[in-house]
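Below, all heavy atoms of this structure are taken into account, side chains as well, without hydrogens, waters or symmetry copies. Since this is a predicted model, take the numbers as computed values, not measurements. Numbers restart at 1 for each chain; the letters A, B, ... are given by sequence-line order, proteins then strands.
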Amino acid sequence: MTTGPNEGAVGEAERSFVEAARRDKRAALEAAGVSAFAYRYERSHTATQALAAYEDAMGDDGPAVAVAGRIVGLRPQGKTAFLHLEDVSGRLQAYLRRDQLGEDYALLERLDLDDHIGVSGVLFRTRAGEVTVRAQALTLLAKSLRPLPRGKTQAGAEGPVTYGGLQDPELRYRQRYADLAVHPEVREVFRVRSQAISWIRRYLDGLGFLEVETPVLQPLYGGAAARPFVTHHNALDMPLYLRIADELYLKRLLVGGLERVYEIGHDFRNEGMDRTHNPEFTMLEAYQAYADYGDMMTLVEGLVSGVIQHCLGTLRLERHGTTLDFTPPFARVQFIEGVRARSEIDLRTATDEQMRTLLRSRRVDPEQAAQLSGGRLQDEVFKVVLEPDLVQPTFVLDYPKPLSPLAKEHRSDPALTERFELFVGGREFANAFSELNDPDDQRRRFEDQVHQKAAGNDETQPYDSDFIRALEYGMPPAGGVGIGIDRLMMLVADQASIRDVILFPAMRPEG
RNA sequence: GGGGGCGUAGCUCAGCUGGUAGAGCAAGGGACUUUUAAUCCCUAGGUCGUGGGUUCGAGUCCCACCGCCCUCACCA
């Protein structure tokens with residue numbers, strides 16, 4: 001996060017003795033005319049490419065290589081030294097000899113763990129069996145003046161094993177650069193994330209979707225029920241909201257004739273933070289003209305199973321002792337039927353008091369239950385009764401109308417909407433509907449939201465008259481879907497906290 | 001916001017019923033031409049999160065504050 005104002009003002013005397021030693025080495029290098037921060041290095045191989053090149057050569061001595069990376073292990077022994085370099089691909093050992101390096105060997109005394117160096121030389125296999133570069137030239141590329149909080153690492157049978165190391169979660173999130181630098185497995189999480197998102201783009205592009213960008217700063221927020229962040233535009237002297245969803249802008253594009261659009265970007269919601277909520281998070285929204293929520297189910301099945309297969313090579317994931325099977329088609333359960341099958345409550349006919357009684361019997365705080373009514377009470381019943389059962393990928397269909405002000409009324413039941421959510425492991429992953437495109441119906445739904453706000457519901461959607469005007473021009477029937485990318489990444493990368501799939505999660509500033 | 005836990009050397013952690021702080025790794029000096037958590041000898045390293053209080057004496061007990069984690073509430 002932001003560096004505290006005093007951080008840069010730490011004087012030499014206050015710096016740790018470890019850092020002082022590194023600065024002394026830098027000064028000694030520069031006094032000898034050696035730059036501690038080079039401009040570039042002509043690398044011939046990554047560490048992994050070098051290892052492969054040695055195997056391909058099939059001789060005692062392999063090819064000459066020039067590799068670059070960070071020093072992650074340093075074992076000087078008088079007139080020789082071994083060190084390990086780490087680059088983006090992996091690790092490679094280098095063997096340094098005074099009689100082969102000449103003047104470059106003197107540089108060794110000024111090197112530290114964490115420095116970036118370049119090494120060139122011929123590959124060979126040591127007596128201990130490790131493919132290693134016999135250094136003919138050694139170049140300092142960037143001096144590390146502050147030691148990384150790393151543990152000691154040795155090569156194990158199943159990859160490097162680290163002892164000690166960076167454990168403190170606060171330090172890991174605040175100094176993600178250090179976390180990444182010392183934890184290849186954290187780098188891997190974010191490599192997989194990037195791979196997943198680019199696969200999603202290819203998937204949607206392949207279906208003829210157009211990737212678009214809509215405003216993050218909005219004069220009116222909408223498209224979801226959430227409290228927004230508010231900011232101020234100086235030149236216009238007006239408040240602006242950071243978007244809580246892309247929905248209303250993307251549907252304007254359907255009016256404009258862009259039949260298939262999607263956006264991947266950040267939404268901002270001014271609400272609590274926990275292991276599945278960060279104030280800014282990555283949302284995918286996609287809209288398809290002439291489609292309905294049934295088509296969106298097919299789209300979501302293809303997208304979710306495809307990204308899992310692409311990233312992990314399987315559709316069956318072991319998570320917390322259960323096997324999650326993402327082979328389409330996913331299970332389907334109707335909202336009202338699902339509740340009735342598990343509670344003998346029929347949401348179609350149940351009174352508020354019957355629902356409150358049920359909630360109390362399921363250990364919901366009676367005071368809280370008493371505050372809810374109508375749609376929100378139905379939603380609470382659903383959360384208590386049905387949600388925990390939705391472990392395998394399951395579509396929940398046909399939500400009650402009051403909960404879904406942007407969804408089209410169900411074609412066979414006016415009390416419901418054509419909407420589904422995808423649940424996995426009891427957690428929501430996607431939300432989709434047949435999009436409401438009747439401007440008069442949409443106007444009434446907005447008005448209902450305004451009434452709810454007046455009644456004290458502080459997470460309603462404001463009345464967006466420009467959106468109504470757009471619908472009046474005629475929006476084609478369409479299906480739309482939103483998928484929380486961070487939660488999908490938690491599933492793919494098997495991470496328990498959203499903070500572990502966001503590079504720089506929100507934190508209070510350092511005191 | 002409620003409840004619980006944690007904060008000690010650069011990192012990972014000990015530190016009992018209160019008696020002025022300890023280890024491993026990292027660091028500095030020395031030895032060492034195939035090591036790999038290299039090894040061996042020596043050395044240095046701390047406002048115990050911050051501020052109060054109790055006490056002859058506080059890392060330890062009490063209070064407040066700061067930060068992080070867990071949990072509940074909130075949350076499409």
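Closest heavy-atom contact between A/Glu247 and A/Gly223: OE1-O, 3.6 Å.
Base pairing annotation: B/C6 forms a Watson-Crick or G-U wobble pair with B/G67, both donor-acceptor distances under 3.5 Å. B/A21 is unpaired under the Watson-Crick or G-U wobble criterion, no partner having all donor-acceptor distances under 3.5 Å. Judged by Watson-Crick or G-U wobble contacts below 3.5 Å, the nucleotide B/U39 has B/A31 as its partner. B/A73 makes up no base pair with any nucleotide shown, lacking Watson-Crick or G-U wobble contacts both under 3.5 Å. Base pairing analysis places B/A44 opposite nothing; no Watson-Crick or G-U wobble pair with both distances below 3.5 Å involves it.
Residue-to-nucleotide contacts include no donor-acceptor pair under 3.5 Å from the side chain of A/Gln77 to the base of B/U33.
One interatomic measurement links the two molecules: CG of A/Leu166 to C1' of B/A9, which rounds to 16 Å at whole-angstrom precision. The distance between atom CG of A/Leu74 and atom P of B/A26, rounded to the nearest whole Å, is 10 Å.
One side chain, A/Thr214 or A/Glu263, offers a donor N or O that lies under 3.5 Å from an acceptor on the other.
Within 4.0 Å of A/Arg487, counting heavy atoms only, lies no atom of the nucleic acid at all. Residue-level contact check: A/Pro279 touches neither bases nor backbone, having no heavy atom under 4.0 Å from any strand. At the heavy-atom level, A/Arg499 lies under 4.0 Å from the strands shown only through sugar-phosphate atoms. A/Leu403 comes within contact range of at least one nucleobase, with a heavy-atom separation under 4.0 Å. Residue-level contact check: A/Asp379 touches neither bases nor backbone, having no heavy atom under 4.0 Å from any strand.
Classification of the A/Phe382-A/Phe335 ring pair by plane angle, with boundaries at 30° and 60°, yields parallel. In this structure, A/Tyr95 and A/Phe82 have parallel ring planes: the angle between them is below the 30° cut-off, well short of the 60° mark.
Nearest nucleotide to the side chain of A/Arg127, out of B/U35, B/C11, B/G67: B/U35.
To the nearest whole angstrom, the two P atoms, one in B/A14 and one in B/G28, are 28 Å apart. Remark: the separation of the C1' atoms in B/C40 and B/G51 is 47 Å, to the nearest Å.
Each of A/Glu421, A/Gln334, A/Arg419 was compared with A/Tyr399 under the side chain to side chain donor-acceptor pair (under 3.5 Å) criterion, and only A/Glu421 meets it.
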